[in-house]
Amino acid sequence: MPSPEPRPTIHIPGTTSHTLASRGRRNDREGTLRYLKAGTGAPVVLLHTVRTQAEHFRHLIPLIADQYTVYALDLPGMGYSEIVPGASYDEPAMRAGVKRLLTELDLHDVTLVGESMGAVLALTSAADLPERVRRVVAVNTYDFRDGIARSSLLARVVVSGVLMPGVGPVIAGVEPKAALRRILQGGLGDKAALRADYVDELLQVGSRPGYPTVARAVYQSLPSLIAARSRYPEVKAPVHLVYGENDWSRPSDREANTELLPAADFTQVPGAGHFIALERPGILADLLSAAA
């Protein structure tokens, strides 16, 4: 008898968990999507990054739920969204999951807030659905060479191993707690912002059957995230670019995006790293409150 699917170990007060069923089409590889919902008001959709899930926004959701209806999506194959054998995890496929949420729930006047990979998806989804998206807040866009491998020597070694032919799938299936914690802390100015219960939750998700294949495929998708930058000038909604002072992106990466989005607002958060939603959620809440 197969083991039951694990359940989230973290509950965010005021949230409820929901799913979007697979559309049941022949050869459909999109699968069921899980999302969290909270609050009232105009819709905000939160999009997480590589190797994380909707609970990545556990500190931000309570700060904005009195002004917005918040939807925090588990991207395809990640968190508790369905793992579909043979599915693609490149940028267009992940963007399709975001667009499913907006179209199947018939959301309009949406503020898309994405961090890292989620920031790229927020921008490209806005380019595809201009009639539904009101505003984009793109936090530390993950659209530059090497990505998380810039975090630390450990991250470079692990990601390089995961991407290697032959042994890569084996390495992807081995995830010591200490290694995951150190890699994620490499994206934080305040290391204490990475809570132990969140690491435990990520490890539980990582133990789901098929998840190592998803994780490896997501790391392999970085070239498609870089290529997606060509879509940024198509975004018609106002954009706010947010970067941590100590983000993995270089000044040249940030300047390149401001050139693609010359009308965008720009905020650099002093002392912050890549995961601003974990260590400085109040900054994002203030930006959203000002635009409510």
Side-chain angles (χ1 to χ4, degrees), residues 1-10 19 22 28-35 47-56 73-98 115-118 120-121 142 146-187 194 196-226 248 274-275:
M1 184 174 179
S3 300
E5 276 282 303
R7 299 175 65 86
T9 59
I10 292 173
T19 56
S22 170
D28 180 11
R29 291 184 173 175
E30 293 182 345
T32 299
L33 295 176
R34 175 247 192 178
Y35 64 94
L47 304 173
H48 64 85
T49 186
V50 176
R51 192 52 190 93
T52 66
Q53 59 195 72
E55 282 79 9
H56 187 75
L73 177 67
D74 278 348
L75 290 168
M78 288 173 261
Y80 295 92
S81 287
E82 184 180 0
I83 296 172
V84 179
S88 171
Y89 295 97
D90 61 11
E91 187 276 329
M94 291 187 287
R95 184 189 344 140
V98 178
E115 183 160 88
S116 188
M117 177 176 70
V120 178
L121 298 175
Y142 192 80
D146 301 325
I148 195 172
R150 294 184 184 178
S151 169
S152 64
L153 176 60
L154 175 62
R156 287 196 295 276
V157 170
V158 170
V159 173
S160 296
V162 167
L163 294 175
M164 286 178 63
V167 300
V170 176
I171 295 173
V174 179
E175 192 172 48
K177 181 176 182 178
L180 177 61
R181 183 173 59 245
R182 285 186 59 193
I183 289 171
L184 292 175
Q185 284 179 332
L194 182 65
D197 61 343
Y198 184 48
V199 176
D200 289 340
E201 169 63 29
L202 294 177
L203 287 169
Q204 173 172 278
V205 166
S207 71
R208 295 177 64 201
Y211 194 87
T213 299
V214 175
R216 185 168 188 258
V218 172
Y219 286 127
Q220 290 173 320
S221 75
L222 179 57
S224 71
L225 295 171
I226 296 171
W248 303 325
H274 191 68
F275 301 123

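What you see is a predicted model, and the numbers here were worked out from it, not measured in a lab. All values below were derived from every heavy atom in this structure, side-chain atoms included, with hydrogens, water molecules and symmetry-related copies excluded. Position 1 is the first residue of the sequence, and the numbers go up from there.
In terms of modelled atom types and a separation under 3.5 Å, the side chain of Asp74 and the main chain of Gln53 share no donor-acceptor contact. Remark: the backbone N or O of Glu55 is not paired with any side-chain donor or acceptor of His48 at under 3.5 angstrom.
The side-chain hydrogen bond (donor to acceptor under 3.5 Å, both in side chains) test applied to Thr32 returns Glu82, not counting sequence neighbours.
In this structure, the side chains of Asp200 and Thr9 stay at 4.5 Å or more apart for every pair of heavy atoms. His56 is listed as a side-chain neighbour of Tyr198, based on a closest heavy-atom distance under 4.5 Å. Val84 places none of its side-chain heavy atoms less than 4.5 Å from the side chain of Glu30. At a threshold of 4.5 Å between non-hydrogen side-chain atoms, the residues Val199 and Lys177 count as touching.
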query = What do the steps show when you test His274 against Ser116 for side-chain hydrogen bond (donor to acceptor under 3.5 Å, both in side chains), and what is the final call?
reply = CA-CA 7 Å; His274 191 68; Ser116 188; 2.6 Å; yes
task = Determine, step by step, whether Leu194 and Arg181 satisfy the side chain to side chain contact (heavy atoms under 4.5 Å, CB included) criterion, reporting the C-alpha distance in whole Å, the side-chain angles of both residues, the deciding distance to 0.1 Å, and the verdict.
result = CA-CA 8 Å; Leu194 182 65; Arg181 183 173 59 245; 3.8 Å; yes
request  = May I have the step-by-step check of side chain to side chain contact (heavy atoms under 4.5 Å, CB included) for Val205 and Arg208, ending in yes or no?
outcome  = CA-CA 6 Å; Val205 166; Arg208 295 177 64 201; 4.3 Å; yes
task = With side-chain hydrogen bond (donor to acceptor under 3.5 Å, both in side chains) as the test, would you mind laying out the steps for Thr49 and Glu115 before giving the verdict?
result = CA-CA 6 Å; Thr49 186; Glu115 183 160 88; over 6 Å; no
key: Full working for side chain to side chain contact (heavy atoms under 4.5 Å, CB included) between Asp197 and Ile10   = CA-CA 8 Å; Asp197 61 343; Ile10 292 173; 4.3 Å; yes
Worked verdict on Met78 versus Thr52 for side chain to side chain contact (heavy atoms under 4.5 Å, CB included) = CA-CA 7 Å; Met78 288 173 261; Thr52 66; over 6 Å; no
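Between the side chains of Tyr211 and Gln204, no donor N or O sits under 3.5 Å from an acceptor N or O.
Nearest heavy-atom pair across Phe275 and Leu184 is CE1-O, 3.4 Å. Residues Pro8 and Arg34 come closest through the heavy atom pair CG-NH2, 3.4 Å. Taking both residues in full, the closest heavy atoms of Ile148 and Ala155 are given as O-CB, 3.5 Å, listed atom of the first, atom of the second, then distance. Contact detail for Leu75 and Met94: the closest heavy-atom pair is CD2-O, 4.5 Å. Considering every non-hydrogen atom in both Ser221 and Asp90, the closest pair reads CB-CA, 3.7 Å. Of all the heavy atoms in Pro76 and Ala93, the pair that sits closest is CG-O, 4.3 Å.
Counting heavy atoms of neighbouring residues, nucleotides and ligands inside a 6.0 Å radius, atom CZ of Arg182 does not exceed 12 of them.
Distance check: Leu154 CG to Ile183 CD1 gives 4.5 Å after rounding to the nearest 0.5 Å.
Asp146 and Arg156 are not joined by a salt bridge, as no carboxylate oxygen comes within less than 4.0 angstrom of a charged side-chain nitrogen.
Relative orientation of the Trp248 and Tyr142 rings is perpendicular, given thresholds of 30° and 60° on the angle between their planes.
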